[in-house]
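This report concerns only the one structure given below.
Values below: every heavy atom of this structure, side chains too, minus hydrogens, waters and symmetry copies. Since this is a predicted model, take the numbers as computed values, not measurements. Along the sequence shown, residues carry numbers from 1. Order of appearance sets the numbers: ligands from 1, and atoms from 1 within every ligand.
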Amino acid sequence: MIENRSSLSFWERQTYFEGVDLLIVGAGIVGLNAARAAQQLKPHWKILVVDRGRILPYGASTRNAGFACFGSMTELLDDLKNTSEKEVFDLVQKRWEGLQKLRAVLGDDNLGYEELGGYELFTPQEEEIWKDCLDKMDGFNQH
Ligand SMILES: Cc1cc2nc3c(=O)[nH]c(=O)nc-3n(C[C@H](O)[C@H](O)[C@H](O)COP(=O)(O)OP(=O)(O)OC[C@H]3O[C@@H](n4cnc5c(N)ncnc54)[C@H](O)[C@@H]3O)c2cc1C
């Protein structure tokens with residue numbers, strides 16, 4: 001984050017900010033992967049990634065739980081209330097494919113990737129939704 005442009009030296013302004021071909025706002029997982037993909041497509045481009053964070057990116061990517069999620073049953077059931085089945089499972093597919101890309105780029109060791117399945121906890125008050133999940137689990141796994 002640069003609060004005062006005039007505080008930049010000639011060299012800083014020229015090196016970092018002049019002749020930029022692509023400006024990406026946000027240095028989270030999406031911004032950085034977009035920069036990486038653009039660099040592969042256009043190796044000669046000067047790509048600048050900026051973030052509102054002063055020193056580190058200030059978003060969800062460095063503050064999340066670290067699970068390789070592609071949608072829990074309750075989350076997907078909730079999505080299905082407002083979205084068609086095709087759209088919901090297309091999105092799951094995209095998340096899954098994105099995860100495979102990320103694994104290929106970074107490597108499982110670097111990610112600390114482990115395949116441990118998925119679990120959801122239900123309180124006694126959530127018995128109805130738990131039963132709904134059990135009913136639909138086979139169908140979801142088919143998808
Ligand atoms: C508490 C929590 C737990 C989560 N747990 C998981 C999990 O276990 N598994 C999982 O898959 N997902 C999880 N997620 C979701 C996941 O973290 C996000 O979907 C993902 O990080 C989004 O990435 P992003 O790059 O789109 O956004 P971000 O990582 O938020 O990046 C956006 C960046 O843009 C910057 N920015 C925003 N506005 C501006 C601006 N105007 N100018 C400059 N910079 C700007 C921000 O500072 C930020 O760095 C979790 C999210 C949260 C909040």
Side-chain angles (χ1 to χ4, degrees), residues 1-126 128-130 132-134 136-143:
M1 184 182 190
I2 293 152
E3 283 164 8
N4 183 357
R5 280 184 58 125
S6 62
S7 67
L8 293 171
S9 75
F10 169 80
W11 302 111
E12 284 168 335
R13 196 171 307 124
Q14 190 183 56
T15 307
Y16 296 122
F17 299 105
E18 282 184 14
V20 171
D21 297 296
L22 176 64
L23 170 67
I24 294 176
V25 180
I29 194 169
V30 171
L32 294 180
N33 274 294
R36 189 184 164 277
Q39 193 186 44
Q40 283 179 336
L41 288 173
K42 303 278 181 187
H44 55 285
W45 272 15
K46 181 169 175 177
I47 300 168
L48 177 65
V49 183
V50 295
D51 199 278
R52 68 183 164 176
R54 276 168 187 267
I55 296 171
L56 298 171
Y58 191 70
S61 296
T62 48
R63 290 146 191 268
N64 62 39
F67 295 115
C69 303
F70 51 89
S72 65
M73 274 209 75
T74 49
E75 187 186 337
L76 299 179
L77 282 173
D78 197 54
D79 290 348
L80 283 168
K81 286 183 196 157
N82 304 310
T83 320
S84 74
E85 197 173 280
K86 182 175 180 334
E87 280 174 299
V88 169
F89 287 106
D90 279 355
L91 187 58
V92 171
Q93 171 102 24
K94 283 185 183 154
R95 288 174 181 159
W96 174 256
E97 287 168 1
L99 185 57
Q100 304 319 309
K101 272 192 192 168
L102 197 64
R103 291 176 62 195
V105 169
L106 298 176
D108 286 352
D109 282 350
N110 289 327
L111 283 170
Y113 181 83
E114 292 179 84
E115 245 164 57
L116 302 170
Y119 298 86
E120 285 205 78
L121 295 178
F122 298 89
T123 62
Q125 293 75 33
E126 293 169 322
E128 210 172 302
I129 176 130
W130 170 61
D132 196 24
C133 285
L134 280 187
K136 295 183 175 141
M137 198 183 302
D138 284 345
F140 271 51
N141 279 333
Q142 286 299 317
H143 274 292

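- Closest heavy-atom approach to atom 27 (O) of ligand 1 among the candidates Ala34, Ser61, Ala68: Ser61.
- Between Asp90 atom CG and His143 atom NE2 the span is 10.5 Å, to the nearest 0.5 Å.
- Here the closest non-hydrogen pair linking Leu116 and Tyr119 is O-CE1, 3.4 Å.
- Side-chain contact, Gln39 with Arg36: no donor N or O sits under 3.5 Å from an acceptor N or O.
- Checked against a 3.5 angstrom limit, the closest N/O atoms of Ile29 and ligand 1 fall inside it.
- Close approach of ligand 1 to Gly28 (heavy-atom distance below 4.0 Å) involves ligand atoms 25 (O), 29 (O), 31 (O).
- Close approach to Gly26 involves these atoms of ligand 1, each under 4.0 Å from a residue heavy atom: 33 (C), 34 (O), 35 (C).
- A distance-only check finds a donor-acceptor pair linking the side chain of Glu120 to the backbone of Thr74 [under 3.5 Å].
- Here's the thing with Pro57: none of its N/O atoms is less than 3.5 angstrom from an N/O atom of ligand 1.
- Atom CD of residue Gln125 and atom CH2 of residue Trp130 lie 13.5 Å apart, to the nearest 0.5 angstrom.
- For the atom pair Ser72 OG and Asp78 CG, the distance stands at 9.0 Å (nearest 0.5 Å).
- Atom CG of Leu76 sits about 11.5 Å away from atom NZ of Lys136, to the nearest 0.5 Å.
- Only the side chain of Val25 comes within 4.0 Å of ligand 1, counting heavy atoms alone; its backbone N, CA, C and O stay farther away.
- Applying the 4.0 Å criterion to heavy atoms of Gly59 picks out, from ligand 1, the atoms 29 (O), 30 (O), 48 (C), 49 (O).
- Heavy-atom contacts of Tyr58 reach the following atoms of ligand 1: 46 (C), 47 (O), 48 (C), 49 (O) (cutoff under 4.0 Å).
- Proximity to Gly66 (heavy-atom distance under 4.0 Å) selects the following atoms of ligand 1: 7 (C), 8 (O).
- Polar contact with ligand 1: absent for Gly53 (N/O pair, distance under 3.5 Å).
- Once rounded to the nearest 0.5 Å, the distance linking CG of Asp79 with CZ of Phe89 reads 9.5 Å.
- If you check which protein heavy atom lies closest to atom 49 (O) of ligand 1, you get Asp51 OD2, 2.6 Å.
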